[in-house]
Asker: 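Pasting a structure here, questions to come.
One-based numbering, in listed order, for ligands and for the atoms of each. Model, not experiment: these values are computed from the prediction. Reckoned from all heavy atoms, side chains included, excluding hydrogens, waters and symmetry mates.
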Amino acid sequence: MEEKKSTEYIDEINRIRAEKNVIILAHYYQVKEIQDLADFVGDSLALSQKAASNDADIILFAGVKFMAETAKILAPEKKVLLPDMNAGCSLADSCKADDFKKFIDANPGRTVVTYVNTTAEIKALSDISCTSSNAVQIINSLPEGEKIIFAPDRNLGNYVMNETGRDIVVWNGTCHVHEEFSLEAILKLKSENPGSKVIVHPECELPVRMVADYIGSTAGLLKFTKTDPGTSYIIATEPGIIHQMKKENPHKKYITAPPKDSTCGCSECNFMKLITMEKIYKCLKDEKPEILIDGKLISDAQKPINRMMEISKKLGL
Ligand code: SF4
């Protein structure tokens with residue numbers, strides 16, 4: 001039997017989503033066809049805000065599991081679907097609840113701030129959530145002198161520590177995409193493309209951050225390329241975002257920073273790319289796989305996210 005092309009699912013997806021009152025939320029790291037299909041595309045913060053405020057009966061999350069879990073935590077009355085339950089996250093996996101509980105116990109008296117890239121169990125152990133868009137502002141909103149635990153990303157944690165000057169103990173987790181950018185390759189690209197600006201996600205290692213012209217979250221990088229007068233950028237984050245950059249400014253040049261392992265040659269997140277048009281279609285049709293979380297865990301995990309949302313709202317983020 002001949003295989004369907006991914007675009008051939010679009011009509012069926014559109015029919016089902018209208019019939020079932022579905023909202024499709026997609027992360028910037030999805031392939032461009034899925035970004036274009038979605039009702040809303042954003043980074044973790046914007047997607048959380050959208051999950052918490054929409055009129056749909058069903059949320060289909062084109063992203064990874066911790067994001068779909070966050071949507072369920074914020075909208076427990078809705079059915080939340082994730083087209084592939086194997087769409088995990090190396091960063092979320094690097095912080096297991098039992099180990100993290102021991103870490104908190106070993107560092108008593110500290111406010112626990114965790115990046116939204118964590119499981120529901122880790123959120124339930126946290127005081128405040130944050131995203132790479134608002135981590136610095138969230139930490140700065142805490143009273144001077146308050147001691148902090150930051151998890152799970154060590155690079156983002158070190159970046160936040162440098163930016164805020166606060167007393168922070170950082171969990172030793174990493175994202176396999178952002179950890180892997182090659183400084184040497186970035187410097188080579190810069191010399192081959194004079195005038196290009198290096199723009200970097202804060203989950204990247206310090207040497208890569210040190211050569212950056214701009215450091216920001218995925219949404220921050222998008223905004224930068226939109227408003228900056230420059231015309232060429234070397235981009236050290238997941239390349240899915242380049243689709244939106246091209247849409248905003250098609251005449252600018254966007255160069256993907258390569259990873260250290262040149263045999264792989266690309267810096268895509270393999271978890272994000274598990275979501276396909278065919279899986280979205282099947283998931284909408286069958287209404288599974290569905291994200292299911294215990295009620296008590298939902299209410300415990302809601303607290304740090306709600307606190308983040310309140311602070312973000314107050315600061316106008
Ligand atoms: S890019 Fe990194 S942090 Fe984002 S989902 Fe993939 S593994 Fe997780």
Side-chain angles (χ1 to χ4, degrees), residues 25-32 34-35 38 41-48 51 61-71 80 82-96 100 113-123 126 129-135 150-160 170-182 199-205 208-209 215-222 235-245 256-261 264-276 279 291:
L25 304 180
H27 191 270
Y28 285 135
Y29 298 168
Q30 291 295 298
V31 295
K32 60 181 189 236
I34 294 178
Q35 292 189 37
V41 188
D43 66 353
S44 305
L45 177 61
L47 290 168
S48 303
F61 217 109
V64 295
K65 194 172 173 197
F66 77 80
M67 295 176 176
E69 276 189 357
T70 307
V80 177
L82 179 67
D84 188 332
M85 281 293 179
N86 293 317
C89 167
S90 58
L91 181 53
D93 286 348
S94 68
C95 191
K96 304 276 187 234
F100 192 53
V113 180
T114 58
Y115 198 19
V116 77
N117 302 33
T118 49
T119 60
E121 287 79 8
I122 296 293
K123 289 183 177 77
S126 309
S129 300
C130 71
T131 70
S132 52
S133 291
N134 63 19
F150 186 91
D153 190 84
R154 66 180 176 215
N155 294 319
L156 180 62
N158 289 331
Y159 170 74
V160 168
V170 178
W171 178 263
N172 191 22
T174 59
C175 154
H176 74 297
V177 172
H178 290 97
E179 175 91 340
E180 280 305 308
F181 287 108
S182 159
I199 62 171
V200 169
H201 194 281
E203 283 172 26
C204 293
E205 290 180 313
V208 171
R209 296 201 309 271
I215 301 172
S217 66
T218 313
L221 299 180
L222 177 60
I235 296 156
T237 192
E238 216 276 357
I241 187 62
I242 294 175
H243 179 54
Q244 296 296 326
M245 291 174 172
T256 309
K260 291 171 197 157
D261 176 4
C264 137
C266 93
S267 39
E268 290 189 341
C269 174
N270 50 327
F271 297 111
M272 285 280 181
K273 268 44 183 194
L274 282 176
I275 308 300
T276 64
K279 287 179 193 170
I291 298 285

Asker: Just how far is it from atom OG1 of T256 to atom CD1 of I242, taken to the nearest 0.5 Å?
Answerer: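 It is 3.5 Å, given to the nearest 0.5 Å.
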Asker: Do I291 and K65 come within less than 4.5 Å of each other through their side chains, counting heavy atoms only?
Answerer: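 I291 reaches K65 side chain to side chain.
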Asker: Verify the distance criterion only: is there a donor paired with an acceptor across the side chains of Y29 and T218 at less than 3.5 Å?
Answerer: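 A donor-acceptor contact under 3.5 Å links the two side chains.
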Asker: Can you report which non-hydrogen protein atom sits closest to atom 4 (Fe) of ligand 1, along with the distance?
Answerer: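 Checked against all protein heavy atoms, atom 4 (Fe) of ligand 1 sits closest to Y29 CE1, 4.1 Å.
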Asker: Are H178 and V208 packed together at the side-chain level, in the sense that at least one heavy-atom pair is separated by less than 4.5 angstrom?
Answerer: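 No, too far: nothing below the 4.5 Å cut-off.
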Asker: Please report the interatomic distance CD(E238) to CG(L221), rounded to the nearest 0.5 Å.
Answerer: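 Here the rounded value is 12.0 Å.
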Asker: Could you grab the distance from atom CZ of F100 to atom OG of S126, nearest 0.5 Å is fine?
Answerer: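 The OG atom of S126 is 5.5 Å from CZ of F100, to the nearest 0.5 Å.
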Asker: What protein N, O or S atoms come within a distance below 2.8 Å of atom 8 (Fe) of ligand 1, ordered by chain and number?
Answerer: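 Correct list: C89 SG.
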